[in-house]
Number of protein chains: 2
Amino acid sequence: MSARHQILEAATRQMAARGADATTLQAIADEVGIRKPSILYHFESKDALRVAVLEDLLARWGEVMPRLFLATSRDGVGRFEAVMAELIGFFTSDPNRARLLVREMMDRPDEMRAYLGRFVQPWLDVVAGQIARDRDAGSTRAEVDPEAYVLTVVCMTLGCLATLEDLGPVLGPDDTHDTPHTRWAAEITRMARVSLFKES
Amino acid sequence: MSARHQILEAATRQMAARGADATTLQAIADEVGIRKPSILYHFESKDALRVAVLEDLLARWGEVMPRLFLATSRDGVGRFEAVMAELIGFFTSDPNRARLLVREMMDRPDEMRAYLGRFVQPWLDVVAGQIARDRDAGSTRAEVDPEAYVLTVVCMTLGCLATLEDLGPVLGPDDTHDTPHTRWAAEITRMARVSLFKES
DNA sequence: CCTACCGATCGGTAGG
DNA sequence: CCTACCGATCGGTAGG
């Protein structure tokens, strides 16, 4: 594995865990097993490294989006379940992803707004547009605010996976689910589903 | 206003905005109009100041909880609306509150777990217990996982208000609501309500 | 990719 | 509540 890639991986983990500002080049160098200035041979500056980490994450999100579009061919409920599974799967496959995005949204809102405009806005428009059509056709609830709904669901997923990760033990014992993770996923999906569709 | 209080107020605002670790004593001193070492006359250390900020916030949450208990005297839907209004009101009355809590949950999960156990767990148990009774009595949905539901709703509220604050402009134009704030609040409340109660 | 080093800034202390 | 100052650590540079 290339040194550049090792640096990127270590930086991703540490920046997600402690935040980009609190992550030091020294700590990344220690993890990779090189000296601090060597990082700046691969990346122009610490900020350039942070941007690389962020764009790497958003690029993977860009890979997932096409799969979400494909799901458009199914019926309403099937499409919903596919999109939700994809959304939750993306963030549970690496818990650091949610934390990193939440941190960056709070630390650099202007920069993140620009990124979200490029990577998330198009997808948001498609999904919200579909919901609006379904709503006008009568298959989803009339009171739904499509844009606010989609953003709330994304935000709910992000927020829960970023913080409730370490908050799982607060939950009482549970027999039905294997991990706190699947228990959250089940409840989030249920809430999103029920609040979108009319009662069958 | 006492100097101590001025320091606490400035620290709260800055720690919520940039995070406790990224907030410097110098910046707080500048805002208050004193010299940096003078802060350490009022607070033993930077960490003691951070703890004071956090406990101040949680104490205010402790003031709100009794009002939530009082709401228990109403019927199901009335009680729900009262609790949701209180929850959202608490965090929208000062947007920094949500950001501060989310940051601390990510930065110091162990410490926050202890605080949540003291301040939020009792309230969680009461609300989840009431939902479980309502569910067994047939007035709320059978599929609801009371504990996961309550935590998800709190987390959804926190996450949305902490990050979507700066994300409001991503939403398209809207005629019904005055501010993006009320639009989020309306959609969050709707999702929480619909996913809890059976269809009337 | 390394050693050696820089100015800036951090939280905190001494002493008044 | 101040001035003066400390050791540690930060991101980054020079030069090889």
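Below, chains carry the letters A, B, ... as their sequence lines are ordered, and counting in each starts from 1.
Residue Arg35(A) places its CZ atom among 12 or fewer non-hydrogen atoms of other residues, nucleotides or ligands, all under 6.0 Å distant.
Atom pair Phe43(A):CZ and dG11(D):C1' shows a separation of 16 Å (rounding to whole Å applied). In this entry the distance linking CD1 of Ile39(B) with P of dC1(D) reads 10 Å, nearest Å. Between the CG atom of Asp30(B) and the P atom of dG11(C) there is a distance of 12 Å, given to the nearest Å. Taking atom NZ of Lys46(B) as the reference point, atom C1' of dG12(C) lies 12 Å away to the nearest angstrom. For Ile28(A) and dC10(D), the CD1 to C1' distance is 13 Å, given to the nearest whole Å.
Side-chain contact annotation: Ser93(B) with Arg97(B), donor-acceptor N/O pair under 3.5 Å present.
Side-chain atoms of Gln26(B) lie closest to dC10(C) of the nucleotides dC2(C), dC10(C), dG12(C). Checking dG11(D), dC10(C), dC2(C) against the side-chain heavy atoms of Lys36(A) singles out dG11(D) as nearest. Distance from the side chain of Ile34(B) is smallest to dC1(D) among dC1(D), dC2(C), dG12(D). Of the candidates dG11(D), dC1(D), dT3(C), the closest approach to any side-chain atom of Thr24(A) belongs to dG11(D). The side chain of His42(B) has dC1(D) as its nearest neighbour among dG11(C), dT13(D), dC1(D).
Side-chain atoms of Arg18(B) and Asp107(A), non-hydrogen and from C-beta on, never get closer than 4.5 Å to each other.
Base contact: Leu40(B) has a heavy atom under 4.0 Å from a base atom. Contacts of Leu25(A) with the nucleic acid, taken as non-hydrogen atoms under 4.0 Å apart, involve only primed sugar atoms and P, OP1 or OP2.
In this structure dA4(C) sits in a base pair with dT13(D), meeting the Watson-Crick or G-U test at under 3.5 Å.
Of the candidates Phe119(B), Trp123(B), Tyr115(B), Trp123(B) is the only one forming a ring-ring contact (aromatic ring centres under 6.0 Å, His included) with Trp61(B).
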